[in-house]
There are 2 protein chains.
Amino acid sequence: MSGTHTDVPSVPSVLAHELPRPVPADEFATCPVSDVFRRVGDKWSMLLVILLGGRPHRYNELHRSIEGISQRMLTRTLRTLEADGLVRREVHPTVPPSVEYSLTPLGGTLLEPLSTLADWAVRHEAEINEARSRLPPI
Amino acid sequence: MSGTHTDVPSVPSVLAHELPRPVPADEFATCPVSDVFRRVGDKWSMLLVILLGGRPHRYNELHRSIEGISQRMLTRTLRTLEADGLVRREVHPTVPPSVEYSLTPLGGTLLEPLSTLADWAVRHEAEINEARSRLPPI
DNA sequence: CCGTATCCCCAGAGATACTG
DNA sequence: CAGTATCTCTGGGGATACGG
């Protein structure tokens, strides 16, 4: 394996496990886990992955599908996903030009862990909202 | 069910599914899924959940365990997690005072989807780095 | 149709100092 | 020990206009 990373063991082991040393901020910054976590948290990336998981889309199709995204952020996010090998960009030299975006096989494998997390969110939405209503706002 | 949310269907259905209408930005903002996704992406929350998933910790213990976190962000993050019902804060009125933080049962259920995602990150780290090295930097 | 190029704003996050 | 209180800065992200 290459770099060190913050240990996120599978559930049984996480309960029996203790991190031995302080988690260094620098390692965490380049840790593949926190790297992916940050991407999951950014505003548009996972929404695009989900949309493209349904079927390939053209640029303006994505722009219309996601209300509120700017062209700047749509392009930037797609390029980042492409650079990470999650999204494929195909230019068809027609007139007018058409560009199709789709998930790569790697991108496709992300759908499953993503829906696991999304399932959790939906299943526990009520509990979270209840907790929020109990404690006074921060 | 309460609010609408961006559909993140389980894997088989995501491939057969198409979002019918533009995803409204406002709905997405209050969507439980994107809500959790944002928390996953924030800098310290999930690291704290993972640490507390191992065992309960006291405040300064967490502060020492996570190199680079400021007192301000440690407190703020813990309070947010507490407000969401993921973390429990117990004050023991000793001298000097001691405060223990632990995962709630709800917080514990988050460990599994979290490690699913972390597993994905570790497993595909090499592919991502390879993709990044192929494409010229953005 | 598919983007770049600029400018601008503000919330997330760090540094530092102080307190019950 | 376990926090507040300020100040500050950075970069994520929006608006707008223009270009191949």
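Below, read A as the first sequence line, B as the second, and so on, with proteins coming before strands; counting in each chain starts at 1. This structure is a prediction, so every number in the text was calculated from the model and none was measured.
Side chain of Met73(B), nearest nucleotide from dA17(C), dG14(C), dT4(C): dG14(C). Comparing dC2(C), dG14(C), dG12(D) by their nearest atom to the side chain of Gln71(A) picks out dC2(C). Set against dA2(D), dC7(C), dA15(C), the side chain of Arg72(B) has dA15(C) as its closest nucleotide. Distances were taken from every side-chain heavy atom of Arg79(A) (C-beta onward) to each of dT4(C), dA2(D), dC1(C); the shortest belongs to dT4(C). Between dG14(C), dC2(C), dG3(D), one nucleotide has an atom nearer to the side chain of Trp44(B) than all others, and that is dG14(C).
As a whole-Å value, the separation of Leu62(A) CG from dG3(C) C1' is 13 Å. At whole-Å resolution of the value, NE2 in His92(B) and P in dG3(D) are 13 Å apart. Between Lys43(B) atom NZ and dC9(D) atom C1' the separation is 13 Å, expressed in whole Å. Rounded to a whole Å, the CZ atom of Arg64(A) is 15 Å from the C1' atom of dG3(C). Rounded to a whole Å, the CG atom of Leu74(B) is 16 Å from the C1' atom of dG12(C). Between the CZ atom of Arg76(B) and the P atom of dT6(D) there is a distance of 16 Å, rounded to whole Å. In this structure, CG of Asn60(A) is placed 6 Å from C1' of dC1(C), rounded to the nearest angstrom. Put simply, CD1 on Ile66(A) is 14 Å from P on dC2(C), counting in whole angstrom units.
We find the CD-CG distance between Glu100(B) and Leu52(B) to be 9.5 Å, quoted to the nearest 0.5 Å. Separation of atoms CZ (Phe37(A)) and CG (Leu117(A)) is listed at 8.0 Å; rounding is to 0.5 Å. In this structure, CE on Met73(B) lies 11.0 Å from CD1 on Ile66(B), to the nearest 0.5 angstrom. To the nearest 0.5 Å, the span separating CG on Leu86(A) from CG on Leu78(A) amounts to 11.5 Å.
Judged purely by atom type and a 3.5 angstrom limit, Ser34(A) uses its side chain to pair as donor or acceptor with the backbone of Cys31(A).
When the side-chain nitrogen and oxygen atoms of Arg89(A) are compared with OP1 and OP2 of dG3(C), one or more of them lie within a distance under 4.0 Å. Residue Tyr101(A) has no polar side-chain atom (N or O) positioned under 4.0 Å from OP1 or OP2 of dC1(C).
Each of Pro97(A) and Thr75(A) lies near DNA chain C, and the nucleotide nearest Pro97(A) is the one positioned closer to the 5' end.
Remark on the helix from dC1(C)-dG20(D) to dG20(C)-dC1(D): inter-end axis angle 50°, axes from five-pair C1' superpositions, rounded to 10°.
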Applying side-chain contact (heavy atoms from CB on, under 4.5 Å) to Trp120(A) and Leu110(B), what does each step give before you reach the verdict? CA-CA 7 Å; Trp120(A) 184 93; Leu110(B) 183 52; 3.8 Å; yes

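Arg132(B) and Asp35(A) are joined by a salt bridge, as a carboxylate oxygen and a charged side-chain nitrogen come within less than 4.0 angstrom of each other.
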